[in-house]
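Below you'll find the structure, written out as structure tokens, and then a few comments.
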Amino acid sequence: MQPAPAVTVRVPAKVNVQLAVGGPRPDGFHDLANVFLAVGLYDHVTARPADTGAPELTCEGPGSEDVPLDGTNLAARAAVILAEHHGLKPAVRLHIAKDIPVAGGMAGGSADAAGALLACDALWGTRTPRDVLLGLCARLGSDVPFSLVGGAALGRGRGEQLTELPVGGTFHWVFALADGGLSTPAVYRECDRLRGPAPVPEPEPHPALLAALAAGDPHALAAALPHANDLQPAALSLRPPLADTLDAGLRGGALAGLVSGSGPTVAFLTADAGAARTLAGTLAASGTCRTARATTAPAPGATTIVSHA
Ligand code: C5P
């Protein structure tokens, strides 16, 4: 018997090793110098054919009860804009198996959107050129293009204009996962509020940080990480206990720690795989986070891993 037609795409989470945030723009966004690094925590998005006129969505995994299953879900919107682009009906059943923390500052929703685009493109045989896919990703959200490409990249504009960055080795990270999420718009608003009316300098990438990435040197990268995330004071202001998580990681032997994106996940860089495993255990037992995960970076972007068509 032929297997049921299905396409499964694996998509990585990200950490922002630098997130330099400019002042608010007239359109409500902020210009960024956003150094994205894809990390080895993955969601899986599976697309199957359906007879309906709108995407049907199911979701499993930690935090999936907080994922909307209607047309507002970024994965459903991805299917709709790809179908519109090709003059098709968005007839698809999408299943998301989550491992990226929901509303955790690791681009989980963006990953699902990039995964849905790639899975639907394969399921429908639409063979959309890469540059068109990247344009659709940018319409879906600032972080979605990076979820498609993975690796490491500098994001300018609102984060959607990507330049690939060289990475000279494997970095070992531990992520302290929090209970509950943080709203990205709320964190940006808090950042603006904390800064007050003073003019904000143009966000620029940190040369020492890019050099550390290119060299694959965790000690040099760690030296550049403190204060690299302009959203960190805002995330700490909205979620003060994250300071305890940061303390626990640093006391537990991390080379450096920072809030991941808009939080509330906290990211710790370690010297090697053994240090990461030990720190994950220490953090999980610290009572300052829900759980902790050790993983490596860079990770590849959205990748089709099962395709029966
Ligand atoms: O682009 P995305 O939909 O992921 O952005 C979510 C929200 O985060 C935006 O509505 C905006 O409030 C904020 N944001 C921002 N500047 C950026 C990216 C996101 O203010 N560069």
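Whatever order the structure lists ligands and atoms in, that order sets their numbers, starting from 1. Start at 1 with the first residue, then count along the sequence.
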Pick, from Ala138, Gly141, Pro185, Pro203, the option with the minimum heavy-atom distance to atom 7 (C) of ligand 1.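 Considering heavy atoms of Ala138, Gly141, Pro185, Pro203, the nearest to atom 7 (C) of ligand 1 sits in Pro185.
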
Minimum heavy-atom separation for Gly261 to Asn16, with atom names?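 The answer is CA-OD1, 3.2 Å.
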
Which protein non-hydrogen atom lies closest to [atom], naming both residue and atom, and how far is it?
atom	value
atom 20 (O) of ligand 1	His30 ND1, 2.6 Å
atom 9 (C) of ligand 1	Phe29 CE2, 3.7 Å
atom 18 (C) of ligand 1	Ser142 OG, 3.5 Å

For ligand 1, indicate whether the residue Tyr188 contacts it via side chain, backbone, both or neither (heavy-atom separation under 4.0 Å).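 For Tyr188, only side-chain atoms sit under 4.0 Å from ligand 1.
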
Residue Arg158 vicinity, atoms of ligand 1 by number, heavy atom under 4.0 Å: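 Answer, ordered by atom number: 1 (O), 17 (C), 18 (C), 21 (N).
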
Output, in order, the C-alpha distance, side-chain angles, deciding distance and verdict of salt bridge (Lys or Arg N to Asp or Glu O under 4.0 Å) for Asp31 and Arg156. CA-CA 7 Å; Asp31 277 326; Arg156 303 307 295 257; over 6 Å; no

More than 12 heavy atoms of other groups within 6.0 Å of His86 NE2: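 Correct, the count exceeds 12.
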
Any donor-acceptor N/O pair, Glu160 side chain to Arg158 backbone, under 3.5 Å: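 Yes; at least one donor-acceptor contact below 3.5 Å.
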
Could you tell me whether the side chain of Thr58 reaches within less than 4.5 Å of the side chain of Arg93, counting heavy atoms only?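 No, side chains not in contact.
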
Does the side chain of Val80 come within less than 4.5 Å of Pro55's, by heavy atoms?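 They are in side-chain contact.
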
Do any heavy atoms of Thr184 fall under 4.0 Å from ligand 1?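 Yes, Thr184 has a heavy atom closer than 4.0 Å to ligand 1.
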
Examine ligand 1 and decide if any of its atoms is less than 4.0 Å from a heavy atom belonging to Gly28.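 Distance cut 4.0 Å: Gly28 passes for ligand 1.
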
Under 3.5 Å, which donor-acceptor pairs do the side chains of residues 170-187 form with other protein atoms, sequence neighbours left out?
from, atom 1, to, atom 2, distance (Å)
Ser183, OG, Ala186, N, 3.2
Thr184, OG1, Ser262, OG, 3.2

Output yes when the distance from some N or O of ligand 1 to some N or O of Asp143 is under 3.5 Å, and no in every other case.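 In fact, backbone or side chain, Asp143 has no N or O that close.
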
